[in-house]
Amino acid sequence: MISLYIGGARSGKSGLAEQEVMDIALPTTYIATATASESMAERIALHRKQRPDDWTTAEVPLELAATLTESGADQSVIIVDCLTLWLTNQLMAKRSLEAEIEHLCQTMVSLRCHLVLVSTEVGQSLIPDDEMSQEFVTASGLMHQKIAAIADSVNFCLGGLAIPLKDPAKASSQHRKPDSGKSTDKGAI
C-alpha cells in the first residue's frame with residue numbers, strides 16, 4: 001500500500017500522514033529527508049519531539065531508494081517526509097532528476113511494506129523565472145504525477161484536512177458496472 005499526502009507548506013500533511021501511520025500500529029521507520037540547515041533546525045527538532053519513541057528514524061537526504069529497500073520489511077510501515085526536500089537535495093547534488101525519480105518509483109512498487117509519503121505541492125504558487133526554479137518545478141510536477149499513478153491513496157491537504165483524490169475503496173467500486181436491475185441472462189423468465 002502506498003499513500004501520498006500532498007499539499008502546500010503548513011497544510012497539515014505531515015500530521016495527517018503520521019496519524020495514518022499511528023492508526024496502522026506496525027513497526028515504523030520514519031525517513032527524514034531534510035538537511036539540518038539553520039532555517040530548518042527548529043522544525044526538525046519539533047518533528048523529532050512529536051514522533052513516537054518506538055519509531056526508528058533515518059535521516060536520508062539523498063539515498064532514499066536504497067534506504068527504502070533496506071527498511072521495507074513485510075508487516076512494517078515507512079513514512080517519508082518529505083519528497084520535495086529529497087528532490088531539492090538531488091537538484092543541489094546535480095543529479096539527473098528524471099533518473100532519480102524513475103529509480104525511486106521503481107523501488108516503491110517493489111516494496112512489500114506500507115509506505116506513507118509526504119510532499120509539498122509547489123506548482124500552485126508563483127514560480128520564479130530562473131532556470132533552476134523552473135527545472136525544480138517541472139521535476140516536482142513529474143514526480144508527483146508518477147507517484148500518484150502508482151499510489152493506492154492520494155490526499156490533497158489543506159487547512160489540516162485531507163481531501164481524497166484517489167481512494168482505494170472507491171477505486172475498486174468504480175471499476176464495477178452499475179446494476180441496472182435488468183437481467184442480461186437471455187434464459188431468464
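Keep in mind that the numbers below use all heavy atoms, side chains included, and drop hydrogens, waters and symmetry copies.
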- Give a yes or no on this: more than 12 heavy atoms of other residues, nucleotides or ligands lie within 6.0 Å of atom CZ of Arg112. no
- Message: Assess, by modelled atom type and distance only, whether the side chains of Thr56 and Thr29 contain a donor and an acceptor separated by less than 3.5 Å.
- Response: no
- Message: Nearest 0.5 angstrom please: Lys13 NZ to Asn155 CG, how far?
- Response: 13.0 Å
- Message: Is there a side-chain contact between Gln75 and Pro27 in this structure, where contact means two heavy atoms from C-beta onward sitting under 4.5 Å apart?
- Response: no
- In Å and rounded to the nearest 0.5 Å, what is the CG to CD1 distance from Leu111 to Ile2? 7.0 Å
- Decide whether Leu165 and Leu117 are clustered together by the hydrophobic rule: side chain heavy atoms of Ile, Leu, Val, Met, Phe, Trp, Tyr closer than 4.5 Å, transitively. yes
- Before giving the answer on side-chain contact (heavy atoms from CB on, under 4.5 Å), spell out for Met1 and Val116 the whole-Å C-alpha distance, their side-chain angles and the decisive distance to 0.1 Å. CA-CA 8 Å; Met1 171 81 165; Val116 180; over 6 Å; no
- Considering residues, nucleotides and ligands other than Met92, do more than 12 of their heavy atoms fall under 6.0 Å from its CE? no
- Query: What about Ile6 and Ile31, same hydrophobic cluster or not, with Ile/Leu/Val/Met/Phe/Trp/Tyr joined at side-chain heavy-atom distances under 4.5 Å?
  - Reply: yes
- OG of Ser96 to CG of Leu91, rounded to nearest 0.5 Å, is 11.0 Å
- Message: Pair Lys166, Asp152 - check side-chain contact (heavy atoms from CB on, under 4.5 Å), show working.
- Response: CA-CA 7 Å; Lys166 187 176 183 183; Asp152 301 289; over 6 Å; no
- Modelled atom types, side-chain donor and acceptor of Glu20 and His114, under 3.5 Å: yes
- Taking atom CG of Asp74 as the centre, does the number of heavy atoms from other residues, nucleotides or ligands within less than 6.0 Å exceed 12? yes
- Task: Could you tell me whether a side-chain N or O of Thr28 sits under 3.5 Å from a main-chain N or O of Leu26, the two making a donor and an acceptor?
- Result: yes
- Going by the side chain to side chain contact (heavy atoms under 4.5 Å, CB included) test, name the single residue among Asp81, Leu85, Val80, Leu4 that passes it with Val118. Asp81
- Note on the structure: Closest heavy-atom pair, Val137 versus Gly123, reported as atoms and distance to 0.1 Å, is CG1-CA, 4.4 Å
- Is Ile79 reachable from Val109 through a run of I, L, V, M, F, W or Y residues, each pair having side-chain heavy atoms under 4.5 Å apart? no
- Item | Evaluation steps, side-chain hydrogen bond (donor to acceptor under 3.5 Å, both in side chains), between Thr84 and Ser119 | CA-CA 5 Å; Thr84 319; Ser119 199; 2.8 Å; yes
- Query: More than 12 foreign heavy atoms under 6.0 Å from CD of Glu98: is that the case here?
  - Reply: no
- Message: So which atom in Leu126 and which in Pro128 form the shortest heavy-atom distance, rounded to 0.1 Å?
- Response: O-CD, 3.8 Å
- Query: Are Leu62 and Tyr30 linked, directly or through other ILVMFWY residues, by side chains that come within less than 4.5 angstrom of each other?
  - Reply: no
- Under the side-chain contact (heavy atoms from CB on, under 4.5 Å) rule, what do Glu100 and Leu64 come out as? Steps first, then yes or no, please. CA-CA 9 Å; Glu100 293 296 333; Leu64 182 54; over 6 Å; no
- Task: Treating Ile, Leu, Val, Met, Phe, Trp and Tyr as nodes and any side-chain heavy-atom pair under 4.5 angstrom as an edge, say whether Val77 and Leu104 lie in one connected cluster.
- Result: no
- Item | Heavy-atom closest pair, residues Ile78 and Cys113 | CD1-SG, 3.7 Å
- Query: Between Asn89 and Thr33, is there a donor-acceptor pair closer than 3.5 Å when you use the side chain of the first and the backbone of the second?
  - Reply: yes
- Keeping the roles fixed (side chain from His144, backbone from Ser140), state whether a donor-acceptor pair exists under 3.5 Å. yes
- Query: Considering all heavy atoms of both residues, which atom of Ser11 and which atom of Gly8 are nearest to each other, and what is their separation?
  - Reply: OG-O, 2.8 Å
- Message: Checking Asp130 against Gln134: is there a side-chain donor and acceptor pair closer than 3.5 Å?
- Response: no
- Task: Find the distance between CD (Glu70) and CG (Leu68) and round it off to the nearest 0.5 Å.
- Result: 9.5 Å
- Message: Would you compute the distance between atom SG of Cys105 and atom CD1 of Ile150 and round it to the nearest 0.5 angstrom?
- Response: 4.5 Å
- Return yes if some donor-acceptor pair links the side-chain N/O of Thr138 with the main-chain N/O of Glu135 below 3.5 Å, else return no. no
- Task: Would you check if the side chain of Ser71 reaches a backbone N or O of Thr67 as a donor-acceptor pair within less than 3.5 Å?
- Result: yes
- Look up atom OH in Tyr5 and atom CG in Leu16, then write down how far apart they are to the nearest 0.5 Å. 6.5 Å
- Query: So, do Cys82 and Thr120 sit near enough that their side-chain heavy atoms are less than 4.5 Å apart?
  - Reply: yes
- Task: Go through the steps to decide whether Ile163 and Leu158 satisfy the test side-chain contact (heavy atoms from CB on, under 4.5 Å), and finish with yes or no.
- Result: CA-CA 8 Å; Ile163 303 163; Leu158 184 66; 4.3 Å; yes
- Heavy-atom closest contact (Pro61 atom, Gln90 atom, distance): O-NE2, 4.2 Å
- Which pair of non-hydrogen atoms, one from Ile101 and one from Trp86, has the smallest distance, and what is that distance? N-CH2, 4.1 Å
- Message: Tell me whether Lys146 is salt-bridged to Glu102, with the criterion being a basic N under 4.0 Å from an acidic carboxylate O.
- Response: yes
